[in-house]
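The block underneath contains the structure these notes are about, expressed in structure tokens.
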4 protein chains.
Amino acid sequence: MHDCPFAKRWSRRKAARPQEILEAALDLFAEKGYAATKMGDIAKRAGVTCGTPYRYFKSKEEIFASLIRELVLPKLALGESLLAEPDVGAAARLRTFLFTWWTQIGESRLSALPKLMVAEAKNFPEVAELYQKEFIQPGQALLKRVVEDGIARGEFRAVPVEHAVQTLMSPVVMLMIWQHSLVPCFDPDADPRSYLEAMLDLVLHGLMPRSAIA
Amino acid sequence: MHDCPFAKRWSRRKAARPQEILEAALDLFAEKGYAATKMGDIAKRAGVTCGTPYRYFKSKEEIFASLIRELVLPKLALGESLLAEPDVGAAARLRTFLFTWWTQIGESRLSALPKLMVAEAKNFPEVAELYQKEFIQPGQALLKRVVEDGIARGEFRAVPVEHAVQTLMSPVVMLMIWQHSLVPCFDPDADPRSYLEAMLDLVLHGLMPRSAIA
Amino acid sequence: MHDCPFAKRWSRRKAARPQEILEAALDLFAEKGYAATKMGDIAKRAGVTCGTPYRYFKSKEEIFASLIRELVLPKLALGESLLAEPDVGAAARLRTFLFTWWTQIGESRLSALPKLMVAEAKNFPEVAELYQKEFIQPGQALLKRVVEDGIARGEFRAVPVEHAVQTLMSPVVMLMIWQHSLVPCFDPDADPRSYLEAMLDLVLHGLMPRSAIA
Amino acid sequence: MHDCPFAKRWSRRKAARPQEILEAALDLFAEKGYAATKMGDIAKRAGVTCGTPYRYFKSKEEIFASLIRELVLPKLALGESLLAEPDVGAAARLRTFLFTWWTQIGESRLSALPKLMVAEAKNFPEVAELYQKEFIQPGQALLKRVVEDGIARGEFRAVPVEHAVQTLMSPVVMLMIWQHSLVPCFDPDADPRSYLEAMLDLVLHGLMPRSAIA
DNA sequence: TATGAATGAGATTTCATTCAT
DNA sequence: GATGAATGAAATCTCATTCAT
């Protein structure tokens, strides 16, 4: 009846446990949602019994919060370094930014985050605010700088920057979401990278001034 | 009770009940997620007590399924008619298509659907499949025809059609999702329509061949 | 495994339930203590299933608090009326006070309260404060008035009033506690009333001035 | 670890461990009750970690039982010697008995016992029986002898002895209980000894025959 | 038909106890 | 011996669902 006990006893005990539990939780939250994920599921996937997660986290809710704080925010440093690169032109920088975002996050287990945050933000407003302030806004600011820079140099048309940034982000975010959903709006067998390529080609083309095309 | 004069009030609503319950459920599922929404909440928002939904639906799960079948799919007819319009050029048709999508669905309570389906598709695979087959695929097919048409006429560049379709859809879908989330990646005070405008300007520009620009 | 389900279905549903649950809880708390009393025990004794108490009380803790507030405090009015009686002399009044206390509370299920409060006061400080302020202090004040009155009239010796009050209360309180304990310090077959008689005889004798004796 | 110079410290305490654990348990049981006291709390207060008590005691229940057997019963010898004293009159002997009881037990950590036993006797009937037989009954027998002696000599009135004994004990027991409760029925700042004095004055007075007063 | 008290399976969480280190 | 991570039984509490009224 209880699905708590497993046939295992006294496996290793280590400082790796919290990380393992968070990763198990992230996978399951992304798959089933927060509420539909049972603590026992998390424990089982982490290879422990049902009481063990509570040695490391006060509650299920704290697992959720820790997951954002400890798994996601550290990734932010990545984006920062993108702009420190040598000058390669705005279009190339945009390309690099979006592809790095995809390979570093979209192809890791963290790709689950957008789906998770979209679904649960209303239920965990403080965590959502953290995610927004520490992850989305800085990321958008970076992207904005690239676009503004491109406009200033005449590489891009003078489009409304805010809207362009969102238009650029949307496909990447949607791609991550669709990866974790049974409702893909793109061919699930297609290569996400080639989709990104095509998308980039389209919007970069849209950003270019006539002069650059002619 | 007995022959109280308010009895009429109840019978008047009787026919509307199932619809009211589904709408209440849609709102709440979108806000909190399926699992976190209590049957009692649905009942209360529909203006009935907790036993009443069971007169019309076998279970919570059936409410979810009915919601997709009876609230969403009927909307599909809308899109079909879009292409029956007189010939106005591919760009204008694209514009019309996306704006109609937005005003008819994005500005209605149905804008909750993408968030809901993304979050719950894995937990309700049959419903997700229905949604996918009856709503997304036909919609994409419509959009695809518009793009192909535009390419055939020389109005658009010869881009990969599938990817272009997805790139066109992403911002609209994301806009709907963000509307129902505390994690907006766009200025929540901004007018969604002006965002759509800017997005369309960008991608239409990206679709145009050099000749059209020069 | 779960001791929650009982073989009963759809018994009466009434406004009597909360009271029944509180009485069941009082009996069990007094018998086993708060922590050792399971919610299922309370439900079973109240003749309902394990989920029912939660329709009326938010938590086990609230049952405890309500029990004091709703079962005990109303009894206080009793004591108030004792002093309104016609003048019968201080000794007779003392006798009446202590005997009424015993018959009204000591011989009712409320006799469990001293044991319960002594055991749990530290774990529920706010409830303990309520009990202290609303029950004990007023009761002591009443008793104090009787003693002071007796001294003023020359019926009693001029003893320290506070201490006399406590000395008078102790046997009654201990009698209630012993009734609910396996550690009786008096013969459990003895009649509590005859113990009260003897005790009263002793202390009344102790209160009398020489003149009254000689 | 290895040959650290503090190793001595541990071995020095080794022999004292069981006693320290029992004392920690007594304090906590008295404060929170048996069930609400966690083994980890006991360990922590005893200055060890949560596994250590199990080296000395089979279970929490055994700690409770040992506590009574090893901490309390040895104190009983004290009372025995009280009556071996030279003849000083019944009243003085009563006074000595109660004051010694108070100073030896009431002012030690063992004052927690009445509260603890009252609260838990029903949950640990064998321990309660032990406590009753080995502690309370012998104590009452001692007190009874003093009272009977006093009556035989004409120092006390011919009161019912059993009831008098209980009346004499009640205030002392209550005083111990109130010391460990947030529900004191006496001024918590008052000196317990002066309360005992006053109480004794009252009941001794009540015990005296007319002749002794006049 | 509608109500809402009652049900009871199942989820989260606690903690006495074990045992590898 | 001592430690404290891990265990897992058992407790509290929730809520989808039922059904007497």
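Numbers restart at 1 for each chain; the letters A, B, ... are given by sequence-line order, proteins then strands.
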Under 4.0 Å between a side-chain N/O of [X] and OP1 or OP2 of [N], yes or no?
X     : N     : answer
A:T52 : F:dT7 : yes
B:Y56 : E:dA2 : yes
C:R17 : E:dA6 : yes
D:T49 : F:dA2 : no

Exercise for review: To the nearest 0.5 angstrom, please state how far the OH atom of C:Y54 sits from the OG1 atom of C:T52.
Suggested key: 11.0 Å
Point to revise | Inter-residue atom distance A:E120.CD - A:K115.NZ, 0.5 Å rounding | key: 10.0 Å
Send over the distance from [X] [atom1] to [N] [atom2], rounded to a whole Å.
X     : N      : atom1 : atom2 : answer
B:Y54 : E:dT7  : OH    : C1'   : 13 Å
B:K60 : F:dT18 : NZ    : P     : 14 Å
C:E61 : F:dA11 : CD    : P     : 19 Å
C:K44 : E:dG8  : NZ    : P     : 13 Å
B:E62 : F:dA16 : CD    : P     : 16 Å
A:K38 : F:dT14 : NZ    : C1'   : 11 Å
C:R55 : E:dA6  : CZ    : P     : 7 Å
B:F57 : E:dT1  : CZ    : P     : 14 Å

Review point. Which dot-bracket notation, 5' to 3', represents the base pairing of DNA chain F when pairs are defined as Watson-Crick or G-U with both distances under 3.5 Å, crossing pairs as [ ], and inter-strand pairs as |?
Key: .||||||||||||||||||||
Check your understanding: More than 12 non-hydrogen atoms from neighbouring residues, nucleotides or ligands closer than 6.0 Å to CD on A:E61, yes or no?
Key -> no
Check your understanding: Quick one: which of E:dT3, F:dT17, F:dT7 gets closest to the side chain of B:V48?
Key -> E:dT3
Study note, to complete from the structure: Of A:M39 and D:A36, the one whose nearest nucleotide on DNA chain E sits closer to the 5' end is A:M39
Exercise for review: Return the 5'-most residue of the pair A:Y34, B:G51 with respect to DNA chain E, ranking by each residue's nearest nucleotide.
Suggested key: B:G51
Practice item. Return the minimal non-hydrogen interatomic distance between D:L71 and D:L26, and the atom names on each side. Key: CD2-CD2, 3.9 Å
Check your understanding: Mind checking whether C:Y34 and C:F64 have parallel, tilted or perpendicular rings, split at 30° and 60°?
Key -> perpendicular
Exercise for review: Please determine if B:R69 and B:E62 form a salt bridge, counting it only when a charged side-chain N lies under 4.0 Å from a carboxylate O.
Suggested key: no
Revision key, fill the gap. When C:A35 and B:G40 are each assigned the nearest nucleotide of DNA chain F, the 5'-most assignment goes to C:A35
Revision key, fill the gap. B:R55 meets the side-chain contact (heavy atoms from CB on, under 4.5 Å) criterion, sequence neighbours left out, with none
